[in-house]
Q: 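Just passing along the structure, written as C-alpha cells.
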Number of protein chains: 2
Amino acid sequence: MIEAAPNPVTTVIRALADPTRRAVFERVFESTEISVAELTRGSGVTQGAISQHLKSLKQAGLVAERAEGRNVYYRAAPQGLEPLVSWMDHYGVFWRERFQNLRDLLKEIDP
Amino acid sequence: MIEAAPNPVTTVIRALADPTRRAVFERVFESTEISVAELTRGSGVTQGAISQHLKSLKQAGLVAERAEGRNVYYRAAPQGLEPLVSWMDHYGVFWRERFQNLRDLLKEIDP
DNA sequence: CCAATAAATTAGTATTGACTAATGCATTAG
DNA sequence: CTAATGCATTAGTCAATACTAATTTATTGG
C-alpha cells in the first residue's frame with residue numbers, strides 16, 4: 001500500500017500539465033470525434049506516445065472513446081474538468097472577476 | 001537556446017500540479033500573509049523545499065512576497081490564476097455548466 | 001488468404017523534478 | 001561582538017515521466 005490514490009484535482013491538473021498532452025486534449029475538444037491516426041499526424045510525436053497520452057486523459061476523465069472497426073475515435077469529456085473548476089471556484093476566482101461582465105451579459109439576454 | 005519559454009498556461013498548471021506545492025498555495029491563500037517558517041511547520045517537508053515551491057509559485061505569478069527584517073511574508077496573487085481561467089473559459093466550461101445557477105442567483109439579487 | 005493498417009502495449013532511455021542535507025547570507029537578540 | 005534565527009540556494013539522490021522503437025492484437029482491403 002504505497003498507493004494512496006491521488007485526488008481528482010491532482011489527476012486532472014497533472015493530465016493537463018504536459019503541453020503535448022494538453023495539445024492532444026485541445027485537438028480532441030475541437031473535433032467532434034477524432035481518430036488516433038489523425039491525432040498523430042502533425043503532433044510531432046509517435047503514435048505510441050499519442051496512445052499513452054490518451055490513456056492519461058481517459059483516466060483523468062477528460063476524454064472518452066468509441067471503437068469502430070480498427071479505428072478508435074476519441075471525443076472530449078468536458079465534465080472531466082469539473083474537479084478543476086470546483087477547485088478554482090472554491091478559491092473565488094470566477095465570480096469576483098467575471099461577475100460584472102456576466103451581469104451585463106445577462107441584462108442583454110433577459111433585460 | 002534550448003529554452004523556448006513555456007506559455008503562461010503551462011507555467012501555472014505545472015505550478016499547481018504538485019500536491020505539496022498546491023497545498024502551499026492553498027495555505028498562503030487562506031492566510032492574509034504567512035511566513036516561510038510557518039508554512040514549513042506541519043508541511044511535512046523541509047524549509048528548503050518550501051522555499052523552492054514558493055519560488056515556482058512566484059514565477060507562475062501565484063504568490064507575491066514582502067520582506068520584513070529576517071522574515072519574508074507571502075500572500076496569494078489570485079490574478080495569477082487568470083491564464084488558467086482563460087484557458088478553461090475558452091473551452092466553454094463555465095458558462096455552460098453554471099449559467100443556469102448564476103441566472104437564478106442574479107434573479108434573486110436583482111429581480 | 002495475405003498484406004496492410006490502426007491502435008495499444010512493452011522495454012529501454014534520457015530528462016525532469018521533488019526532496020534532503022548542507023551551506024550561505026542577512027538580520028536580530030543578548 | 002557573537003549566537004541564533006529566517007530564508008534562499010546548492011549539490012546530490014531517487015523516482016516519475018515523456019519519449020522512441022519494436023512488438024502484439026485486431027480488423028479490413030485486394
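Every value quoted in this text rests on a predicted model; they were computed, and no experiment measured them. These numbers come from the heavy atoms of this one structure, side chains and all, not from hydrogens, waters or symmetry mates. Here is the naming used below: chain letters follow the sequence lines, and residue numbers restart at 1 for every chain.
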Q: Reckon A/Tyr74 has a side-chain N or O less than 4.0 Å from the OP1 or OP2 of C/dA6?
A: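 So the side chain of A/Tyr74 is outside the cut-off, no N or O lying under 4.0 Å from OP1 or OP2 of C/dA6.
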Q: With nearest nucleotide decided by heavy atoms, which residue, A/Asn71 or A/Gly48, maps closer to the 5′ end of DNA chain C?
A: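 That would be A/Asn71.
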Q: Between B/Glu65 and A/Val45, just flag the one whose closest nucleotide in DNA chain D comes earlier from the 5' side.
A: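 The residue closer to the strand's 5' end, by nearest nucleotide, is B/Glu65.
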Q: For A/Ser86 and A/Asp89, test the side chains for any donor-to-acceptor distance below 3.5 angstrom and give the result as yes or no.
A: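 Per modelled atom types, A/Ser86 and A/Asp89 side chains form no pair under 3.5 Å.
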Q: With sugar-phosphate meaning primed atoms plus P, OP1 and OP2, does A/Gly69 contact a base, only sugar-phosphate, or nothing at under 4.0 Å between heavy atoms?
A: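 Result for A/Gly69 = sugar-phosphate.
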Q: Which one, D/dT9, D/dA8, C/dT9, comes nearest to the side chain of B/Lys55?
A: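 Side chain of B/Lys55 sits closest to D/dT9.
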Q: It should be established whether A/Thr20 places a side-chain nitrogen or oxygen under 4.0 Å from OP1 or OP2 of nucleotide D/dC19.
A: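 Result: yes.
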Q: I want to verify a distance call: between C/dG17, C/dT9, C/dA4, whose nearest atom is closest to the B/Arg14 side chain?
A: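 Nearest to the side-chain atoms of B/Arg14, counting from C-beta on, is C/dG17.
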Q: What is the separation between atom CD on A/Glu68 and atom P on D/dA26, rounded to the nearest whole Å?
A: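 Going from CD in A/Glu68 over to P in D/dA26 covers 19 Å.
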Q: Is a donor-acceptor pair below 3.5 Å formed from side chain B/Gln52 to base D/dT10, judging by atom type as modelled?
A: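 Such a pair exists between side chain and base.
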Q: B/Lys58 has an atom NZ; how far is it from atom P of D/dC7, in whole Å?
A: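 After rounding, the reported distance stands at 14 Å.
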Q: Work out which heavy atom in A/Val28 is nearest to a heavy atom in A/Ala76; give both atom names and the distance.
A: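 Answer, listing the atom of A/Val28 first, then A/Ala76: CG1-N, 3.3 Å.
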Q: Is there a side-chain contact between B/Leu54 and B/Glu65 in this structure, where contact means two heavy atoms from C-beta onward sitting under 4.5 Å apart?
A: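 A side-chain contact under 4.5 Å is absent here.
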Q: Tell me the interatomic distance from B/Arg21, atom CZ, to D/dA16, atom P, rounded to whole angstroms.
A: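 Taking CZ of B/Arg21 and P of D/dA16, I get 16 Å after rounding.
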Q: Determine, using the 4.5 Å side-chain heavy-atom cutoff (strictly less than), whether A/Phe29 and A/Val85 are members of one ILVMFWY cluster.
A: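 Shared cluster, yes.
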Q: Can you check the A/Leu39 CG to C/dA6 P distance for me, whole Å?
A: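 So the CG-P distance, A/Leu39 to C/dA6, works out to 13 Å.
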Q: Rounded to the nearest angstrom, tell me the gap between atom CD1 in B/Ile50 and atom P in C/dA18.
A: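 In whole Å, C/dA18 P lies 13 Å from B/Ile50 CD1.
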Q: Let's see if you can work this out: which of D/dT9, C/dT20, C/dT16 has an atom nearest to the side-chain heavy atoms of B/Ala49?
A: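 Taking heavy atoms from C-beta onward, the closest nucleotide is C/dT20.
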Q: Any chance the side chains of A/Ser56 and A/Arg14 put a donor and an acceptor closer than 3.5 Å?
A: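 Judged by distance alone, the side chains do not pair up.
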Q: From the list C/dT28, C/dA7, D/dC19, which nucleotide is the closest neighbour of the side chain of B/Arg70?
A: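 Taking heavy atoms from C-beta onward, the closest nucleotide is C/dT28.
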Q: Just the rounded figure in Å: distance from C1' of C/dA8 to CD of A/Gln59.
A: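 Distance check: A/Gln59 CD to C/dA8 C1' gives 13 Å.
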Q: For C/dC19, does either OP1 or OP2 sit under 4.0 Å from a side-chain N or O belonging to B/His53?
A: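 Indeed, a polar side-chain atom of B/His53 lies that close.
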Q: When you measure from the side-chain N and O atoms of B/Thr46 to the phosphate of C/dT20, is any distance below 4.0 Å, counting only OP1 and OP2?
A: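 Yes.
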Q: Can you measure A/Leu54 atom CG to D/dA18 atom P for me and round it to whole angstrom units?
A: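 It is 14 Å, rounded to the nearest whole Å.
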Q: In this structure, how many angstroms lie between the P atom of D/dC7 and the CG atom of B/Leu57, rounded?
A: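 B/Leu57 atom CG is separated from D/dC7 atom P by 16 Å.
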Q: For the base of C/dA6, is there a side-chain donor-acceptor partner from A/Gln47 under 3.5 Å away?
A: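 Checked by distance alone, the answer is no.
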Q: Under 4.5 Å between any side-chain heavy atoms of A/Leu16 and A/Leu62, yes or no?
A: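 With C-beta onward as the side chain, the pair touches.
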